[in-house]
Amino acid sequence: MRFCGIDAVEKQQKLGLQAKSYLQSLIDKGDGTVTITPIEQDRYGRTVAEVFVQPRPGTPGYQSEEEIFLNGDMVRAGFARHYTRYSGNCPNKVVIEQSEKMAIASKAGVWNDPNAVPPWEFRKQKR
C-alpha cells in the first residue's frame, strides 16, 4: 500500500528512521481503528489510499470524533513531502498541500535542511 499524495523519506535517508518512528507514534495514538480509503492502484498493483486512525479518547491535540489523517500528519511533521505528481486523485489533496506549507513555515523535518533531497530524487540517484 502507498499513501496517496505523499512521499516519505526513505529509510536510508537522513530522518528515515525518525519518519518510521513518527508514523508508528501516530498509529499508537489510535484506539486500534484504522480506516483505509482506497483511491486507486499504482502500476505495481499496490493500493494507493488515504489512511486515518481513530485516536484514543483524550489524546492531546485531537477533538472528539476527529481522525488522525496519517498522510497529512506525516507531511506536516516534515517526514514526507507532498507528491504533486501523484496527488490529483486524493480527496484530501488540499489538506496535504496545507500541511506542507505549515511544515515549510516551521522548518519541520526535511524543511530544516536546505540540502535535503526529495525521496523521488533519492531513489532516482540509487538506480
Side-chain angles (χ1 to χ4, degrees):
M1 185 181 76
R2 283 192 24 233
F3 284 22
C4 192
I6 74 169
D7 198 357
V9 294
E10 296 288 330
K11 282 189 288 189
Q12 303 84 3
Q13 284 185 278
K14 184 178 176 182
L15 299 179
L17 294 177
Q18 292 95 321
K20 179 182 177 183
S21 178
Y22 184 72
L23 178 59
Q24 185 63 57
S25 78
L26 291 174
I27 294 166
D28 290 346
K29 289 179 183 180
D31 68 1
T33 305
V34 177
T35 304
I36 298 172
T37 305
I39 309 303
E40 59 194 2
Q41 298 271 312
D42 72 7
R43 64 183 175 171
Y44 303 106
R46 295 175 296 196
T47 299
V48 178
E50 290 190 339
V51 184
F52 303 85
V53 171
Q54 184 65 48
R56 288 187 309 273
T59 301
Y62 297 93
Q63 303 296 320
S64 176
E65 303 302 315
E66 179 183 11
E67 293 178 309
I68 301 170
F69 178 39
L70 298 184
N71 307 50
D73 279 16
M74 287 295 290
V75 171
R76 187 170 40 256
F79 292 122
R81 295 178 187 245
H82 175 208
Y83 206 176
T84 56
R85 182 175 177 188
Y86 296 107
S87 67
N89 294 333
C90 303
N92 287 289
K93 176 183 176 180
V94 171
V95 174
I96 295 169
E97 290 169 338
Q98 291 170 342
S99 295
E100 185 165 85
K101 287 177 185 174
M102 291 166 45
I104 292 168
S106 66
K107 294 189 184 310
V110 298
W111 303 108
N112 194 33
D113 179 359
N115 299 314
V117 177
W120 54 88
E121 293 295 331
F122 179 81
R123 289 190 299 274
K124 194 183 295 183
Q125 292 170 1
K126 296 297 174 189
R127 287 186 200 146

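For the single chain, residues carry numbers from 1 onward in sequence order. Hydrogens, waters and symmetry mates are skipped; everything else that's a heavy atom, side chains included, is used. In this text the structure is predicted, and so the values were computed from the model without any measurement.
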Evaluate the side-chain hydrogen bond (donor to acceptor under 3.5 Å, both in side chains) criterion for residues H82 and S87: first the C-alpha distance (whole Å), next the side-chain angles of each, then the deciding distance (0.1 Å), finally the verdict. CA-CA 8 Å; H82 175 208; S87 67; 2.9 Å; yes

Nearest non-hydrogen partners of [X] and [Y], listed with the distance:
X   : Y    : result
C4  : V48  : CA-CG1, 3.6 Å
A77 : A108 : O-CB, 3.6 Å
I27 : V53  : O-CG1, 4.2 Å
L15 : V9   : O-CG2, 3.6 Å
G5  : C90  : N-SG, 3.3 Å
V75 : I96  : CG1-O, 3.9 Å

Set of residues satisfying side chain to side chain donor-acceptor pair (under 3.5 Å) with respect to [X], sequence neighbours excluded:
X    : result
T59  : none
D28  : Q24
N112 : none

Joining Ile, Leu, Val, Met, Phe, Trp and Tyr whenever any side-chain heavy atoms lie under 4.5 Å apart, the cluster holding V117 also takes in F122

Test: ring-ring contact (aromatic ring centres under 6.0 Å, His included). Region: residues 51-78. Which pairs qualify, not counting sequence neighbours?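 Qualifying pairs: F52-F69.
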
ring-ring contact (aromatic ring centres under 6.0 Å, His included) partners of residues 91-117, not counting sequence neighbours, each pair once: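 Sorted result for residues 91-117: empty, none.
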
Supply the atom-to-atom distance E97 CD to N92 CG, rounded to the nearest 0.5 angstrom.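 Answer for the CD-CG pair, E97 versus N92, is 11.0 Å.
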
Applying ring-ring contact (aromatic ring centres under 6.0 Å, His included), name anything that partners F79, two or more places apart in sequence or on another chain.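 Only Y22 meet the ring-ring contact (aromatic ring centres under 6.0 Å, His included) criterion with F79.
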
With sequence neighbours excluded, residues passing ring-ring contact (aromatic ring centres under 6.0 Å, His included) with Y83: Y86, W120

Can you name the side chain to side chain contact (heavy atoms under 4.5 Å, CB included) partners of L17, sequence neighbours left out?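 Checked L17 against side chain to side chain contact (heavy atoms under 4.5 Å, CB included); zero matches.
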
Hey, can you pull the donor-acceptor pairs under 3.5 Å for the side chains in residues 37-45, sequence neighbours left out?
{"from": "E40", "atom 1": "OE1", "to": "N89", "atom 2": "ND2", "distance (Å)": "2.7"}
{"from": "Q41", "atom 1": "NE2", "to": "T47", "atom 2": "OG1", "distance (Å)": "3.2"}
{"from": "D42", "atom 1": "OD1", "to": "Y44", "atom 2": "N", "distance (Å)": "2.9"}
{"from": "D42", "atom 1": "OD1", "to": "G45", "atom 2": "N", "distance (Å)": "3.0"}
{"from": "D42", "atom 1": "OD1", "to": "R46", "atom 2": "N", "distance (Å)": "2.8"}
{"from": "D42", "atom 1": "OD2", "to": "R2", "atom 2": "NH1", "distance (Å)": "3.2"}
{"from": "D42", "atom 1": "OD2", "to": "R46", "atom 2": "NE", "distance (Å)": "2.6"}
{"from": "D42", "atom 1": "OD2", "to": "R46", "atom 2": "NH2", "distance (Å)": "2.7"}

Is there a donor-acceptor pair closer than 3.5 Å between any side-chain N or O of D7 and the backbone N or O of P119? no

Is it the case that the side chain of D73 and the backbone of L26 share a donor-acceptor pair, with hydrogens and angles ignored and the cut-off at 3.5 Å? no

Can you pull out every salt bridge (charged side-chain N to carboxylate O under 4.0 Å, His left out) where at least one residue sits in residues 9-23? Sequence neighbours excluded, please. E10-R123, K14-D113

Pairs where residues 50-59 contributes a residue and the test salt bridge (charged side-chain N to carboxylate O under 4.0 Å, His left out) is met, not counting sequence neighbours: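 Non-adjacent pairs meeting salt bridge (charged side-chain N to carboxylate O under 4.0 Å, His left out): zero.
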
Treat each ILVMFWY residue as a node, draw an edge where side-chain heavy atoms are under 4.5 Å apart, and state whether I36 and I6 are in one component. yes

